[in-house]
Every structure is written in C-alpha cells, then in structure tokens.
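Below is one structure; the comments refer to it alone.
Atom set for the values below is all heavy atoms of this structure, side chains included, hydrogens, waters and symmetry mates excluded.
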Amino acid sequence: HFETRFADAGVGAIISATVSVDDRRWAPLQYPKISHDRFIAPLRAGVRAVQSRDCRYIMQIGDGGYHAQMSLFPKVEDSKTASPLFDLVFGYSNRTTAMTQEEIAQTVQNFAAAARRAREAGCDGIEIAAHKGYMIHQFLNPGINRRKDGYGGSVENRFRFLREVIEAVRHAV
C-alpha cells in the first residue's frame, strides 16, 4: 500500500526497500522476505497493484549480514559477515563470525533464487543491495573484510563475492 501511493502520484518507477534473500537473517525485522517460494504470490499482488498504475516495480534484494538489527532471540546467523570483528555500532550483536566457503556459496544461491522469485512475482527488474553496510558491502569493505582466502585481501578478491552473486543471478533469470 505504501508503494501504490507513490504510483498514484504519478511516479514512473519504484525501487523497493531491501527484501531479504535469507530466511534466517533479516533486517530490519519488519521488512519483507523473498527467501521462499511461498512469498511469490503475495509479492505478485503488490507488484501488480503498483504496475496497474502505469508504474514499474524494481525489487531490491539483499542480505543484511551482521547488520541484522533485531530478533526475538539472537542467533548465530545474525553475526555472519566476511571476517570476525568486534563492533559496537551496528546490529545488536557486537561480535561477528566469518562465513565459511559453504555459507558463502549458499548465500550466492540465496540471491539467485530470490531473483528468480522476483521475476516470477512479475517485477520489472531487480537491484542487488551491495551498499549501506549489508553483506556484499561487508565483503567489499577492507575495514571489515580481513579474510586471507580468495574472498579477501586484494580488490579483485573482495569483489569476488559480488561477482559470484551477479553471475548466479544472471544465470537464474
């Protein structure tokens, strides 16, 4: 309903708030998720409502990483990021843990599946959230990413996670 008000005012296109690709990591708590096929139908209804007003709908998909802002019960997944660190500023957990290679691969697949779902929901496009401190940005940022493997160090290595997400998304859609 929020976005249809903009469409009613004559906006030509809307980019959504970040919609979470991970069923366990989700920030802020009230934001929608696209982490399961059961979300396609309700999202499709909202997308169609916006498009019926001659307005394009682009879904921004993302993973907050350790910037998960709240949960009823803190869980290990809420502290996942590129590298272990101690942070008193973001999130509700101040200690983070580095993602394993398997967790990175799963997150890449989460983005690909979310892109497919966004397409099935009728979105005109997607935007991958690689900004504002979310998971991809955590890998790009040398202040957070202190990995010693193929996902850390050089700019090329820090960009690897985003490149894998983009390639998987393009393959999925």
Inset, instruction - Assess whether atom CD of E156 is packed by more than 12 heavy atoms of other residues, nucleotides or ligands within 6.0 Å. - result: no
Inset, instruction - Indicate, with yes or no, if I144 and M99 share a hydrophobic cluster defined by side-chain heavy-atom contacts under 4.5 Å among Ile, Leu, Val, Met, Phe, Trp and Tyr. - result: no
Legend entry - Check against side chain to side chain contact (heavy atoms under 4.5 Å, CB included), R117 and D37: CA-CA 7 Å; R117 291 180 187 113; D37 284 353; 2.8 Å; yes
Inset, instruction - Could you tell me whether the side chain of D124 and the main chain of Y57 form a donor-acceptor pair under 3.5 Å? - result: yes
Legend entry - Minimal non-hydrogen separation, A49 against T4, with atom names: CB-CG2, 3.8 Å
Inset, instruction - Rounded to the nearest 0.5 Å, what's the gap from SG on C123 to CD1 on I34? Could you check? - result: 6.0 Å
Inset, instruction - Please round to the nearest 0.5 Å and tell me the distance separating atom CD of E167 and atom NE2 of H171. - result: 11.0 Å
Inset, instruction - Supply the atom-to-atom distance Q51 CD to R53 CZ, rounded to the nearest 0.5 angstrom. - result: 11.5 Å
Legend entry - Rounded distance [0.5 Å steps], CG in L162 versus NE2 in H137: 11.0 Å
Inset, instruction - Would you name the heavy atoms of A115 and I126 that are closest together and state the gap between them? - result: CB-CD1, 3.7 Å
Inset, instruction - Identify the two heavy atoms, one from A112 and one from A172, that lie closest to each other, and give their separation to 0.1 Å. - result: O-CB, 3.4 Å
Inset, instruction - Quick one: closest heavy-atom pair of A114 and V21, and the distance? - result: CB-CG1, 3.4 Å
Inset, instruction - State, yes or no, whether a side-chain contact exists between F39 and V19 at a heavy-atom distance under 4.5 Å. - result: no
Legend entry - Co-membership, hydrophobic cluster, residues V155 and I166, 4.5 Å side-chain: no
Inset, instruction - Answer with yes or no whether the hydrophobic clustering places M135 together with V108; edges join I, L, V, M, F, W, Y residues whose side-chain heavy atoms lie under 4.5 Å apart. - result: yes
Legend entry - Distance-minimising heavy-atom pair for G62 and F111: CA-CE2, 3.7 Å
Inset, instruction - Quick one: sort the Y151 and F161 rings into parallel, tilted or perpendicular, breaks at 30° and 60°. - result: perpendicular
Legend entry - Exam field: side chain T96 to backbone L85, donor-acceptor pair closer than 3.5 Å: yes
Inset, instruction - Answer yes or no: is there a side-chain heavy-atom contact under 4.5 Å between L43 and M59? - result: yes
Inset, instruction - Answer yes or no: are there more than 12 heavy-atom neighbours, outside R44 itself, under 6.0 Å from its atom CZ? - result: yes
Inset, instruction - May I ask you to check whether over 12 heavy atoms, not counting those of R38, lie within 6.0 Å of atom CZ? - result: yes
Legend entry - Ion pair E120/R116, N-O distance below 4.0 Å: yes
Inset, instruction - Heavy atoms only: give me the nearest A98-K80 pair and the separation to one decimal. - result: O-NZ, 4.1 Å
Inset, instruction - Give a yes or no on whether the backbone of G64 and the side-chain of Q138 come within a donor-acceptor separation of less than 3.5 Å. - result: yes
Inset, instruction - Kindly say whether Q60 contributes a backbone atom to a donor-acceptor pair with the side chain of T18 at under 3.5 angstrom? - result: no
Inset, instruction - State yes or no: do L140 and I128 share one hydrophobic cluster built from I, L, V, M, F, W and Y residues joined by side-chain heavy-atom distances below 4.5 Å, directly or via other members? - result: yes
Legend entry - Neighbour count above 12 (heavy atom, 6.0 Å) for K148 NZ: no
Inset, instruction - Among D23, D22, D63, N110, find the one that has a side-chain hydrogen bond (donor to acceptor under 3.5 Å, both in side chains) with S35. - result: D23
Legend entry - Gap between atom CD1 of I15 and atom CZ of R56 - 0.5 Å precision: 13.5 Å
Legend entry - Rounded distance (nearest 0.5 Å) linking atom CZ of R160 with atom CZ of F139: 10.0 Å
Legend entry - I58 reachable from I14 in the ILVMFWY side-chain graph, under 4.5 Å edges: no
